[in-house]
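Lettering of chains follows the sequences in order, A, B, ..., and the numbering in each one begins at 1. All of these numbers come straight from a predicted model, not from anything done at the bench.
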Amino acid sequence: MASGFQTLPGFRDFAPSDCLLRNYLFETWRSVARRYGFSEYETPLLEPTDLYLKKSGDELPTQLFRFPDQGERDVTLRPEVTASLARLAAAEQRNYPKPLKWFEIGQCFRYEKPQKGRTREFYQFNTDILGDDSPAADAELIALAIDTMRALGFGPADFQVRLSDRQVWQAFAEQKGLDESQLATLLAIIDKKDKVPEEKTATALAEISLVPSDLSDLFENPDNASPRLTEVLTNLETRGLGDYLTVDLSIVRGLAYYTGIVFEVFDTSRSLRAVAGGGRYDTLVSTLTDGKTDLPAIGFAIGDVVIGHFIEETTPAKLQFEQWKQNQATCDLYLVIDNEDLRPDALKLAQQLRDAGIRIDFPLTKTKFDKQLKAASATRAPYALILGQDFPELKLRHLSTRSNETIRANADLISTIQSKLENPEGGLLA
RNA sequence: GUGGCCGUAGCUCAGUUGGUAGAGCCCCUGAUUGUGGUUCAGGUUGUCGCGGGUUCGAGUCCCGUCGGUCGCCCCA
């Protein structure tokens, strides 16, 4: 502040302590994706602006980080990865067996007004299944979404996946003789119906020649409304994930490119904006490739910002994260150099231990003994190795139990330490 | 794009009816315990967001501006 520079609005510095949350999320996301047999990919952060203009059907998106580059190209920091993925998948799909199960973790940028749960730069976990238009693929992806939440420590009392199917409204519109723009109006009304007074909803419906009771039949019998939705539900219930699901046909997910099943992850207390969302987009790849590649797809994305708040507000999830942090030691073994004459021996030892893959830290300059032990415990390392006057006899100190044992700096030292690190004696938890 | 609230040391903040700045925490040093999360002592940093105005005098009042935050619109 006083030093002049600060981050741009909506952008964040990640101090080491902030990186802990980020790494925790990334680690968890990756492990869930791999459990589901997904492969990781990545695409550029900077893309030609046309990629996004074309995707949104020439509807000019307003919230882009868009500028001309030095070569006068109209470029944009990616606001999402789905468009890039569609391009990549179209180009590469012949090289991979179907379905493609791909995921990506990366930054996106949107020029929006920052507020709680919304920044101008954020990380997103994107998962997509391409080349399979079955309800089973829908269920597989939604299961992954649910397990992503479960892996972070959330239970069915904390969050719900609200499921819908845009085909329901499409069919409804056809039946009622609504045209394309009237359908869009209808979806907007449905999307807002819980926020707006009933009279307003009725008035808005009247403008497209509908009455509220036209909708209530569908809301009350969602099972009948969409056989596909029922099939997806059955699939997920068979997996034992039924407790996490709520059918809610009012979920329509913006107006972009979704063509079928859509879903959102909500916190049950509803104190946050949607935590995650996704849906089926069977025509996007075709649109972006001018019809050359037809690849049905369903995708899901979750950002780091809202989920961060959600973890903070949910006790079990927060405790799980705290526990994970406890185990993030920055080194395995701290060398305590009690006598500066032994520094050359300590340096040799440090190098050997590091070559063996053991994480080593030690004081870079002459430091008092008690300071060294303090530094050692600050690293959360399980052990300190004390080089003292009895060298080459060493003391291995168990930092959690505050007990010492004597070991010798001989050829077996490294393997001795390795086996101790692999089989810790006694609890490491306080 | 629009509205409310806020902007004082690295962090959290206090600053009484306007008189040229404080506390706690953190960090660092020292002492003590000569192998650690204690205690004690000491120390660093502020053009009080920025610009202008009122006043003998403004962190304290007024205007503007920038920034932060929360909400609305929007949310791929």
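- Under the Watson-Crick or G-U wobble criterion, with both distances below 3.5 Å, A9(B) is left unpaired in every strand shown.
- H398(A) places its NE2 atom 14 Å from the C1' atom of U35(B), with the value rounded to the nearest Å.
- Within 4.0 Å of N404(A), counting heavy atoms only, lies at least one base atom of the nucleic acid.
- I386(A) places its CD1 atom 10 Å from the P atom of G36(B), with the value rounded to the nearest Å.
- E72(A) contributes no side-chain N or O that, together with a main-chain N or O of P68(A), makes up a donor-acceptor pair within less than 3.5 Å.
- When both distances must be under 3.5 Å, the Watson-Crick or G-U wobble mate of C72(B) is G1(B).
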Exercise. Before giving the answer on ring pair (Phe, Tyr, Trp, His ring centres under 6.0 Å), spell out for F125(A) and F26(A) the whole-Å C-alpha distance, their side-chain angles and the decisive distance to 0.1 Å.
Key: CA-CA 8 Å; F125(A) 174 41; F26(A) 288 9; 9.3 Å; no

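- Rounded to an integer number of Å, the gap from CG of D13(A) to C1' of C11(B) is 15 Å.
- The salt bridge (Lys or Arg N to Asp or Glu O under 4.0 Å) analysis of residues 374-403 of chain A, with sequence neighbours excluded, yields the pairs E393(A)-R408(A).
- Judged by closest nucleotide on RNA chain B, K395(A) is the one of K395(A) and D191(A) placed further toward the 5' end.
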Are there any protein N/O atoms within less than 3.5 Å of an N/O atom in nucleotides 68-73 of chain B, and if so, which ones and at what distance?
| unit_1 | atom_1 | unit_2 | atom_2 | d |
| --- | --- | --- | --- | --- |
| C70(B) | OP2 | K116(A) | N | 3.1 |
| C72(B) | N4 | Q115(A) | NE2 | 3.4 |
| C73(B) | N4 | R118(A) | NH1 | 3.2 |

Contacts under 3.5 Å, N or O only, protein and nucleotides 25-30 of chain B:
none

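- Relative to the ring axis of Y96(A), K101(A) does not place its NZ or CZ within 45° and under 6.0 Å from the centre.
- For the pair R110(A) and F65(A), the cation-pi criterion (under 6.0 Å, within 45° of the ring axis) is not fulfilled.
- Each of A76(B), G36(B), U35(B) was ranked by its minimum atom distance to the side chain of Y258(A); first place goes to A76(B).
- Distance, K374(A) NZ to G34(B) C1': 15 Å, rounded to whole Å.
- Between U55(B) and C63(B), the distance separating the two C1' atoms is 16 Å to the nearest Å.
- Residue T82(A) is classed as having no contact, given no heavy-atom separation below 4.0 Å to the nucleic acid.
- The interatomic distance linking D370(A) (CG) with U38(B) (P) rounds to 12 Å, in whole Å.
- Taking atom P on both A14(B) and A9(B), the two are 12 Å apart, rounded to the nearest angstrom.
- There is no side-chain donor-acceptor pair under 3.5 Å between Q63(A) and R120(A).
- As rounded to whole Å, 16 Å separates atom P of U33(B) from atom CG of L373(A).
- Geometrically, R22(A) engages Y123(A) in a cation-pi contact defined by less than 6.0 Å to the ring centre and at most 45° from the axis.
- Taking atom P on both nucleotides, G71(B) is separated from C27(B) by 33 Å, rounded to a whole Å.
- OP1 or OP2 of C75(B) has not a single side-chain nitrogen or oxygen of R110(A) nearer than 4.0 Å.
- The partner of A41(B) is U29(B), by the rule that a Watson-Crick or G-U pair needs both atom distances under 3.5 Å.
- A salt bridge does not link K193(A) with E199(A): none of the charged nitrogens is closer than 4.0 Å to a carboxylate oxygen.
- Between the P atom of U35(B) and the CD atom of Q389(A) lies a distance of 11 Å, rounded to the nearest Å.
- Between E112(A) atom CD and G1(B) atom P the separation is 13 Å, expressed in whole Å.
- Considering OG of S164(A) and OH of Y258(A), their distance stands at 12.5 Å, rounded to 0.5 Å.
- No side-chain donor-acceptor contact under 3.5 Å links Y383(A) and E405(A).
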